[in-house]
Amino acid sequence: MLYNLIWFALYIFSFNRFAWFDRVFELKILDNDVVKYQKILKPWNLIKYQDDFFLCLWDEISFKEQYQHKYQVNVLDLNLLCESFLSQKTLSMANRMVYQWYSNYKSVLKYFVSFDIDGLLKRWKIERKKTRINNREVLIDNWNIYMSDDKIDGQQLIIFPDLWTLFNTVDEAILWVKWNIFLNSNDTQNQKDKKWRMIKNWEINNIFCTHSEIFQDRNNLKKIILIDPYKRYYENQQDPRYSVNDVVKTMVKIYWASLEIW
């Protein structure tokens with residue numbers, strides 16, 4: 001069968017292949033089935049081609065001139081694994097971090113999702129639950145964190161500089177409430193995948209974490225509480241060399257969330 005060459009300026013992120021210093025390829029499609037192409041290659045769709053897993057970045061990437069490696073596919077052989085695997089707001093966050101800190105997608109996206117996509121899909125099916133969660137707002141009064149009776153229509157993120165501050169500020173009973181969650185960098189990959197899915201599907205309302213776990217594919221972030229913003233732990237020393245304070249300000253703009261600083 002003969003195929004017509006159709007050129008689209010699209011970019012895909014590979015979870016298991018390198019393209020020079022990064023994992024981003026410019027996509028080259030050999031096919032004449034444009035309708036199927038448009039259905040599969042939408043922004044943030046998770047796709048599979050032979051043994052390779054890809055995330056469709058579409059054309060919204062930073063520093064396009066760096067990505068000259070091309071990946072050629074026949075769209076008829078593409079397998080759509082999950083639509084909107086990550087949200088548009090996560091795309092905006094990743095692009096902003098790559099641009100602002102002169103980084104790359106390999107270094108940035110590892111904070112938002114595990115690169116073991118095959119294992120992630122085998123352990124956890126991505127589906128949104130229909131149940132309504134108890135969305136009680138988190139409040140602080142004189143360094144006392146408690147759950148109020150007020151409702152908030154969205155998720156809340158409470159960020160601490162270190163575990164010592166977290167456990168000396170928050171009553172442990174609050175962390176074990178079923179609509180709250182505590183993100184720990186010492187969690188196993190299985191635990192991290194489970195929490196990632198719960199946050200993505202909005203099964204969790206209040207997210208308590210340290211600076212290293214602030215990046216998640218959130219459903220509907222409405223409020224951020226930043227504890228002790230001047231601690232040195234908030235400055236990341238590895239690529240990307242971001243400041244948590246700057247990241248939080250970006251999140252406020254992208255999610256239209258409110259910000260409280262203690």
Side-chain angles (χ1 to χ4, degrees), residues 10-29 36-62 67 69-95 97-98 103-129 181 183-204 207 209 212-219 238-240:
L10 297 183
Y11 297 89
I12 54 176
F13 178 83
S14 172
F15 288 99
N16 50 349
R17 279 183 183 270
F18 278 90
W20 190 31
F21 68 96
D22 206 346
R23 295 177 181 233
V24 176
F25 291 86
E26 190 173 1
L27 188 61
K28 193 174 183 180
I29 300 174
K36 187 167 184 179
Y37 143 76
Q38 291 175 334
K39 179 180 178 181
I40 293 178
L41 294 174
K42 290 181 180 179
W44 285 117
N45 278 2
L46 181 65
I47 55 180
K48 186 177 182 181
Y49 182 75
Q50 297 176 351
D51 294 327
D52 296 335
F53 293 95
F54 295 104
L55 193 62
C56 182
L57 303 179
W58 199 242
D59 62 346
E60 302 179 50
I61 67 170
S62 300
Y67 302 107
H69 286 71
K70 294 178 174 57
Y71 193 94
Q72 184 170 302
V73 301
N74 174 7
V75 74
L76 297 177
D77 296 328
L78 286 176
N79 183 18
L80 176 60
L81 299 179
C82 182
E83 290 189 277
S84 298
F85 182 67
L86 298 179
S87 69
Q88 178 63 38
K89 291 177 179 178
T90 299
L91 167 63
S92 299
M93 278 294 302
N95 285 335
M97 289 185 66
V98 171
S103 186
N104 55 70
Y105 288 88
K106 169 178 62 69
S107 299
V108 169
L109 284 176
K110 67 181 181 182
Y111 290 113
F112 291 95
V113 64
S114 167
F115 284 6
D116 181 17
I117 295 299
D118 194 27
L120 177 64
L121 293 179
K122 286 178 180 178
R123 287 190 292 265
W124 307 110
K125 183 179 180 181
I126 308 301
E127 59 182 11
R128 179 172 300 182
K129 288 193 172 182
I181 200 168
L183 302 181
N184 191 341
S185 59
N186 294 324
D187 285 341
T188 66
Q189 190 58 54
N190 187 53
Q191 291 171 323
K192 290 181 178 181
D193 290 345
K194 179 179 180 180
K195 292 178 179 180
W196 178 85
R197 184 205 64 179
M198 294 171 72
I199 293 171
K200 176 180 175 64
N201 294 343
W202 199 3
E203 301 170 33
I204 291 298
I207 305 160
C209 69
S212 62
E213 299 295 320
I214 62 176
F215 303 103
Q216 296 287 329
D217 187 35
R218 294 178 181 84
N219 185 294
Q238 298 179 346
D239 182 37

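Remark: the backbone N or O of Leu120 is not paired with any side-chain donor or acceptor of Asp193 at under 3.5 angstrom. One N or O on the side chain of Trp196 and one on the backbone of Phe112 form a donor-acceptor pair closer than 3.5 Å. At distances below 3.5 Å, at least one donor-acceptor pair connects side-chain atoms of Arg23 with backbone N or O atoms of Phe15. At distances below 3.5 Å, not a single donor-acceptor pair connects side-chain atoms of Asn104 with backbone N or O atoms of Asp239. Checked by atom type and distance alone, the side chain of Asn201 never pairs as donor or acceptor with a backbone atom of Glu203 at under 3.5 Å.
Residues Ser185 and Glu213 have side chains in contact (heavy-atom distance under 4.5 Å, counting atoms from C-beta outward). Side-chain contact between Leu41 and Leu78 is present, with at least one heavy-atom pair separated by less than 4.5 Å. Between Asp187 and Lys195, the closest side-chain pair of non-hydrogen atoms falls below 4.5 Å. Counting heavy atoms from C-beta on, the side chains of Pro240 and Tyr111 come closer than 4.5 Å. Looking at heavy atoms from C-beta onward, Asn16 lies out of side-chain contact with Asp118 at the 4.5 angstrom threshold.
One distance of note links CD1 of Ile207 with CZ of Arg218; it measures 5.0 Å at 0.5 Å rounding. Expressed to the nearest 0.5 Å, how far CG of Asp59 lies from CG of Leu27 amounts to 12.0 Å. Distance CD1/Ile12 to CG/Leu55: 10.0 Å, rounded to 0.5 Å. The distance from the CZ atom of Phe21 to the NZ atom of Lys106 is 9.0 Å, given to the nearest 0.5 Å. Rounding to the nearest 0.5 Å places CD of Gln216 at 11.5 Å from CE of Met93. From Leu46, atom CG reaches atom CH2 of Trp44 across 10.5 Å, with rounding to the nearest 0.5 Å.
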Ignoring hydrogens and angles, write down the donor-acceptor pairs under 3.5 Å from the side chains of residues 79-86, residues two or more places apart or on other chains.
none

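Ring geometry for Phe25 against Phe54 counts as perpendicular: the plane angle is over 60°, on a 0 to 90° scale with 30° as the lower cut.
Of the residues Phe115, Tyr105, Phe53, the one that meets the ring pair (Phe, Tyr, Trp, His ring centres under 6.0 Å) test with Phe13 is Phe115.
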Next on the checklist: What verdict does the side-chain contact (heavy atoms from CB on, under 4.5 Å) test give for Gln189 and Ser114, after you've listed the backbone C-alpha separation in whole Å, the side-chain angles of each residue and the deciding distance to 0.1 Å?
Outcome noted: CA-CA 8 Å; Gln189 190 58 54; Ser114 167; 3.4 Å; yes
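Residues meeting the side chain to side chain donor-acceptor pair (under 3.5 Å) test with Asp217, sequence neighbours left out: Ser87, Thr90, Lys200.
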